[in-house]
Amino acid sequence: MKSIGLLELPAPILLDPNGKNWTAMRQHEPLGSKQIVAGSLRKHFDIELVNLKRGEDSIEMGKVAWRGMQLKKVAVGTDWRTLDPTRYDAWGITTNYLQERDIARAIIKHLASAGVKVVAGGSDAFAEPQPYLDAGATLVILDKSGGSNVAAMQIALGVDPTGPFFLKTQEKVLKSGTPRLRPEEWNLPSVEFVRQTLGMQYWEGRISDEMLPIGAAMLDHGCDRHCDFCETPTYKLGYQHMSPERALEWVALQKEAGARSFICLSDQFLGRILWEGGKSEILEITNGFRALGLPVLWGNGLEISKATLGHGSKNGDPRPDGELVDALWGWDGKVGCAQAYIPAERPLQGSKDYAKLLEWRSHVELVKAIVGAGVPDLSYGVIVGLPNDSDDSLSRLLDAVIELKGMLKSVNPRLVFKVTPFAVRPIPGTVMTAQLQASGLLRFTDPAILGGFWTACADTKFMNYEKVSDWQMKILATSDKEVSWQGFGNIGT
Ligand code: SF4
């Protein structure tokens, strides 16, 4: 069997002259997408994980000017220049974040310089394959379902492909059949492989030692919504979900590998509510998490409006569905939901622009019900720096967050409450990015800035990006104090 090195990239950080990091430091988290890739390849190749996030090296990648400062771009982990490119017959590199692009390209250059085949995939390579091909990648995978993984490696290695594929080389697009794999069809990786992917950090905050190490499971993919800032709709997968039995097999595998909690990575876990029997499936799956004794961390968030009596449908009943809320966010100190990210986006008036959002009063009632269910720690995500943002709109957003925090603390005074006011990020391929580019509001081209949640990169019609960044910090400061959360300075101080 040919051998494949599945490479996890070092972690990017952005250091200002005072040594403060301006991006989320994510070095020791569980590796979910690697599990799916390894599962798809394991019957055809010898697979090894090469995790360059592990390690103590700091590799300088140049500087970028931002807010009048020179930010040093640094990759943290293991220096790829110590890798022997010929260690495997081919390499697979996944880049899911724009911010990692330059690091991925440097590594591809290093590996390809020895003539070794490199297959690139992941959300960023899918959105813009050319930078990866220019760096020396043999192929880029243009199919986010996982259905082209085997054929991509076979073609890169000069073997006749045994299945369908949708790929890009420097010369042309290669397509055969319909490489659309449903999550139900994803093969499970080996327990030994999963063990290597477990993490000791969680991007939404600290969790207790009893919940370490952390696993990760993706139980569906795609989405029924079309939010203009999100890349998921560009995958053109619709929404596809696993059966409860299969979903629980993936979660049980995390436990077998040693996980004592897990992050559910689904794009849209509650999408299944739209089908008859969907609510029963959700209850069966969340009961299954409890039966396994594994706390769930909703680190990518859930579309909370789907946990209402109207299931998020247009003009549906916006009151909380208590049974669903308890199943999803209930916590008894041992099992249930230990932490959740709430993608509130623009909770005050966003329901006009985003079908997934509720009107403010209904939103408040639902988030109060979520806290009432017991979840002890919430991250409340809002977006700042939309093209129409002004001092007035962001001031009202700040007031609303403060008001909400007060109400939630009255439901549970011990609730840990953090606000994540993410700046608009122009993810390649999204509707919002096309609009930002056309409007001339974008101020940067460096992927390290464009891809950062904490480095505002676009003016609005009414303020410059520096003011957007100031508003980010003001809203961030409403969070409970937690030192070095996400490795990003000291928030709330
Ligand atoms: S609901 Fe979530 S996953 Fe779906 S399009 Fe909107 S942001 Fe993306």
Side-chain angles (χ1 to χ4, degrees), residues 32-33 36 96-98 122-124 126-127 144-146 182-183 203-204 216-242 247 263-275 278 282 296-308 310-314 316 318 321 324 328-329 340-359 362-363 366-367 370 378-387 419-436 451 453:
S33 64
I36 298 170
N96 282 320
Y97 301 101
L98 175 59
S123 302
D124 190 57
F126 167 87
K144 282 287 288 175
S145 78
R182 292 179 299 119
W203 59 81
E204 291 302 339
M218 182 101 178
L219 307 182
D220 38 35
H221 69 170
C223 186
D224 59 298
R225 302 289 195 192
H226 296 90
C227 305
D228 61 4
F229 54 83
C230 178
E231 190 179 354
T232 301
T234 71
Y235 304 157
K236 300 202 183 329
L237 295 168
Y239 169 69
Q240 300 182 335
H241 58 288
M242 282 181 194
I263 303 170
C264 185
L265 299 169
S266 297
D267 294 323
Q268 174 57 298
F269 177 73
L270 296 183
R272 64 189 74 222
I273 198 89
L274 300 174
W275 279 268
I282 292 165
V296 61
L297 306 161
W298 297 114
N300 280 351
L302 296 172
E303 188 206 313
I304 61 172
S305 68
K306 284 195 165 71
T308 59
H311 300 162
S313 59
K314 201 171 176 198
D321 180 327
L324 270 181
L328 293 162
W329 293 284
Y341 172 75
I342 302 289
E345 322 296 14
R346 291 309 289 257
L348 269 185
Q349 293 183 321
S351 57
K352 285 192 221 130
D353 296 321
Y354 298 107
K356 71 168 180 170
L357 299 182
L358 293 168
E359 160 287 312
S362 301
H363 173 79
L366 182 54
V367 182
I370 287 169
L378 277 192
S379 312
Y380 189 75
V382 296
I383 303 178
V384 299
L386 292 169
V419 187
T420 51
F422 290 142
V424 164
R425 289 183 314 142
I427 298 172
T430 63
V431 174
M432 179 175 283
T433 297
Q435 288 169 350
L436 280 172
F453 288 106

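All ligand and atom numbering here is 1-based and tracks the order in the structure. In this chain, numbering begins with 1 at the start of the sequence shown. A quick note: this is a predicted structure, and the numbers were derived from the prediction, not measured.
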Checklist entry - For atom 8 (Fe) of ligand 1, how many protein N, O or S atoms come closer than 2.8 Å? => result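 For atom 8 (Fe) of ligand 1, protein nitrogen, oxygen or sulfur atoms under 2.8 Å: 1.
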Checklist entry - With under 30° as parallel and over 60° as perpendicular, where do the rings of Tyr354 and Phe229 fit, or are they tilted in between? => result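 The rings of Tyr354 and Phe229 stand perpendicular, inter-plane angle above 60°.
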Next on the checklist: Asp321: which residues meet the side chain to side chain contact (heavy atoms under 4.5 Å, CB included) condition with it, sequence neighbours left out?
Outcome noted: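 Asp321 satisfies side chain to side chain contact (heavy atoms under 4.5 Å, CB included) with Lys279, Leu309, His311, Glu323, Leu324 once adjacent residues are dropped.
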Checklist entry - Who pairs with Ile304 by side chain to side chain contact (heavy atoms under 4.5 Å, CB included), at least two apart in sequence or on another chain? => result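 Counting only residues at least two positions away or on another chain, Ile304 forms a side chain to side chain contact (heavy atoms under 4.5 Å, CB included) with Trp329, Ile342, His363, Leu366, Val367, Ile370.
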Next on the checklist: Using the side chain to side chain contact (heavy atoms under 4.5 Å, CB included) criterion, which residues pair with Asp353? Sequence neighbours excluded.
Outcome noted: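 Partners of Asp353 by the side chain to side chain contact (heavy atoms under 4.5 Å, CB included) criterion come out as none, since no residue qualifies.
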Checklist entry - How close do Ala127 and Glu231 get, heavy atom to heavy atom, and via which atoms? => result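 Taking Ala127 first and Glu231 second, the nearest heavy atoms are CB-OE2, 3.5 Å.
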Next on the checklist: Regarding Asp224 and Lys306, does a basic nitrogen lie under 4.0 Å from an acidic carboxylate oxygen?
Outcome noted: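 Looking at Lys306 together with Asp224, the answer is yes, because their closest N to O distance falls below 4.0 Å.
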